[in-house]
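Worksheet: one structure, shown below.
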Amino acid sequence: MKIYNSLSRQLEDFVPLNPEQVSIYSCGPTVYDYIHIGNARTALVTDIIRRYLDYKGYKVKLAQNLTDIDDKIIDRAGLLGVSPSQLAREYGEAFLEDAKKFGTEADVHPKATEHIPEMIALIQTLLDKGAAYVVEGSVYYRVNRFAEYGKLSHRKPEDLLAGARVEIDERKEDPRDFDMWKAVKPGEPSWESPWGRGRPGWHIECSAMAMKHLGTTLDIHVAGEDLQFPHNENEIAQSEMATGKTFARYWVHVAFLQIDGTRMGKSEKNFILLRDALNQYPTEVIRHYLISAQYRHPLDYNLTGLEKSESALRRLSNCLDALKKYEAQVEAEETTTSPLQHAVHTMKSQFTAAMDADFNTAQALGAIFTLVSEVNRSLTAANGIPPTAFAEAYHALIEVCQVLGVYNTDAQHTDGDNVEQRDHLITLLLEIRQDARSRKDWDTSDKIRDRLKQLNVEIQDTRDGATWKIVS
RNA sequence: GGUGGCGUAGCCAAGUGGUAAGGCCAGAGUCUGCAAAACUCUUAUUCGUCGGUUCGAUUCCGACCGCCACCUCCA
C-alpha cells in the first residue's frame, strides 16, 4: 500500500509505526460558521483512509480537532453580539451533526480550549530549549533554531521572504517567527499562563492535541493543501523541536474543491455549506461525487456533477436491489467457477490495487461498476449461474461500497414500527393490480402504479412478477 | 518573483513505454400491453501544441500555450 507523502513528494510504502494501531490526525475546522463542502472533502478523504485501513485489518485511531478559539471566532461573535465561546459551541455542535450525517466522525474530536494546559506545557518546553521568546506577554517561535524549517513545504528561507505579502511585525526577531501565545487584548477571551493572560496561537493547538491523543509520533496527518504552509510546517517545527522526534510520518494533502474553476474558500465567499448540500442530495451522492476524482486532483463542484453521481448511484443500487434476494445463499460446493465469480474476484483485487495506490477512489469505483455490469449481464442471462455466485457478488459489492460509504443499506427500511403494515398494504395493492392485469384492465393497473409512484413506491414488472421499492 | 499541480471523447474521470478503465448524457435495437429496470450496438486511430529520445510515447525529456493553487486567515 502506497501513500503520497508531501514530505518526500513521492509515493511511499505505508508501514505503520505500531502495527497494532494506526494513528491519524486530521486538521478540522475553525468553528465560526457551518462547514462547507470543501472542508467536507478533506474530512471525507480522511474517513475513507480510515475505513480502508480498517478494511485491510488495521486498528485505527483517528483524531480530528475543532479550533474553537481564534481571531475569526472573536470577530464573528462581535458582529453577532454573542460571546465567542457561545458561537464556538453552537458551530462546534453543528459541525459534529454534519459529520455524523456525512459519515465522517472521528474517534476523538479534541477542542483547543480544552487543551490549554497541554499547549502551555509545550510552549514552555520550547522556551526552555531556546526555541521561543517572549515579547510583551506573547510567545513567538524562533524559526531559525529549527534547521529543517521548510522541509514540508519545500521552501527555502529566502523564498519565504522574497514574495512575502506578510506584514512585518517589528517585535519579531525574524519575519518568519510565528506566535504560539497571544497576549490578551481588552474584551477578548483569555487564559492564565506563565507569561500573563492570553490565548493560544493556531498552530500550537494541533501540535499539542495530536501528541496528546496520538503520541509524539503519529502515522498519517491529513489536511487541505492550503494548510501545508505555514500551518503544517509550523506544527512540525513546534513538535519536533520539543520532542526531538518525527511528528508525523506521512503527510497527506487534499487538493482543493473549486467552484467554476477557482478555489472555494471562506475568504472568496463562494462556498457551499455541507448542510445545504445534504439537504439537496443524499449523503451517498455527495460522497460519490467527492471521490469521483483522486484526492490530489482539484475537483469542480457543480450541480451537473452531482446529477451524474446520482444517476451512477441509481445504477449501483438497482443492481444491489436485484441482487438482494440472493443474499442468504450460502456456498455449498464451490466446484463451479462461473464467469461471475471470476468477475467478483477481479473486482476485489482491482479495488484493493486501486486503493493501495494512494487511495485512488476513482479507479476503485471503476472496478465496482465493471462488476455491476457483469452482474446485470448475468442477471439478464441467468442461464446456469449458481445463486451463490450472485450472493458472492452481493456481499463483495456491499463490502467495498461500505469502505467508500456510497451505499446506504438502511435506505429501504427506516420508518420504524409501521414498516410491516406498510409492506402488507403494498403487497395487497400489487395483488389487486395483478388481478386487473390478468383481465387486461390496463387502466386500473396503471393507476395503481402511478398513484404508488406519487407515494414514492416504485413498481417494476419483471419476468417473475412485480417488484417494488421505496424511492426518495 | 519562488514553489507545486493540471490540460484524456459532448460532460466527468482512471490509466499505461507497445497502441485508451469506469460513470453521465445521446442515438439505434431487444424485452414489455405500456412504463421502469436491464441487456446489445454506436460515440477518442487518439490523450493541449511543437520538437527530442525510442523499434514504438498519451505515458520519458525539452520548449511553448492555456488554466489552477500555495508563498496571507481559509480544508
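Side-chain atoms are counted along with the backbone in the values below, which use heavy atoms only and exclude waters and symmetry mates. Just so it is clear: chains get the letters A, B, ... in the order the sequence lines come, proteins before strands, and each one is counted from 1.
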Query raised in the report: Heavy-atom distance under 4.5 Å between the side chains of A:Y52 and A:R50, does that happen here?
Result: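 A:Y52 vs A:R50: side chains apart.
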Query raised in the report: If you pin A:F256 and A:A357 to their nearest nucleotides in RNA chain B, which one's is more 5'?
Result: A:A357
Query raised in the report: Closest nucleotide of RNA chain B for A:L227 versus for A:P298: which of these residues is on the 5' side?
Result: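 First, find each residue's nearest nucleotide; the 5'-ward one identifies A:P298.
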Output the single nucleotide from [options] whose closest atom is nearest the side chain of [X].
X      : options                : result
A:F369 : B:rA37, B:rG23, B:rA75 : B:rG23
A:T262 : B:rA69, B:rC24, B:rC73 : B:rA69
A:R437 : B:rC34, B:rA14, B:rA36 : B:rC34
A:N318 : B:rC73, B:rA75, B:rA37 : B:rA37
A:Q294 : B:rC71, B:rA14, B:rA38 : B:rA14
A:A312 : B:rA14, B:rC24, B:rA36 : B:rC24
A:N376 : B:rU3, B:rA38, B:rA75  : B:rA38
A:T380 : B:rA13, B:rA75, B:rA38 : B:rA38
A:R315 : B:rC24, B:rC6, B:rG33  : B:rC24
A:K308 : B:rC11, B:rG4, B:rA75  : B:rC11

Give [X] one of three labels, base, sugar-phosphate or nothing, depending on what nucleic acid heavy atoms sit under 4.0 Å from its own.
X      : value
A:S373 : sugar-phosphate
A:A293 : sugar-phosphate
A:D71  : nothing
A:H253 : nothing
A:G38  : base
A:E310 : nothing
A:I35  : nothing
A:K72  : base
A:I368 : nothing
A:E307 : nothing

Do any side-chain nitrogens or oxygens of [X] fall under 4.0 Å of OP1 or OP2 in [N]?
X      : N      : answer
A:R377 : B:rU40 : yes
A:N360 : B:rG15 : yes
A:T462 : B:rC31 : no
A:R449 : B:rA36 : no

With rounding to whole Å, what would you report as the distance between [N] and [M] at their [atom1] atoms?
N      : M      : atom1 : value
B:rU42 : B:rA63 : P     : 42 Å
B:rU54 : B:rC39 : P     : 47 Å
B:rC6  : B:rU59 : P     : 13 Å
B:rA14 : B:rG7  : P     : 8 Å
B:rC64 : B:rU3  : P     : 14 Å
B:rG48 : B:rU8  : C1'   : 10 Å
B:rA26 : B:rG62 : C1'   : 41 Å

Expressed as a whole number of angstroms, how long is the span from [X]:[atom1] to [N]:[atom2]?
X      : N      : atom1 : atom2 : answer
A:Y289 : B:rC11 : OH    : P     : 14 Å
A:R155 : B:rG1  : CZ    : P     : 17 Å
A:Q10  : B:rG5  : CD    : P     : 12 Å
A:L323 : B:rA37 : CG    : C1'   : 14 Å
A:D98  : B:rA75 : CG    : C1'   : 14 Å
A:Q228 : B:rC68 : CD    : P     : 20 Å
A:H297 : B:rG4  : NE2   : C1'   : 13 Å
A:N234 : B:rC73 : CG    : P     : 9 Å

Go through the side-chain N and O atoms of [X] and [Y] and say whether any donor and acceptor fall under 3.5 Å apart.
X      : Y      : result
A:H253 : A:N232 : yes
A:N39  : A:K266 : no
A:T444 : A:D441 : yes
A:R249 : A:S23  : no

Which of parallel (below 30°), tilted (30 to 60°) and perpendicular (above 60°) describes [X] and [Y]?
X      : Y      : result
A:F146 : A:Y149 : perpendicular
A:H288 : A:F369 : perpendicular
A:H203 : A:F178 : perpendicular
A:Y34  : A:Y91  : perpendicular

Query raised in the report: Does a distance-only test, which skips hydrogens and angles, find a donor-acceptor pair under 3.5 Å between the side chain of A:D70 and the base of B:rC73?
Result: no
Query - For B:rA44, the Watson-Crick or wobble counterpart (both distances under 3.5 Å) - result: none
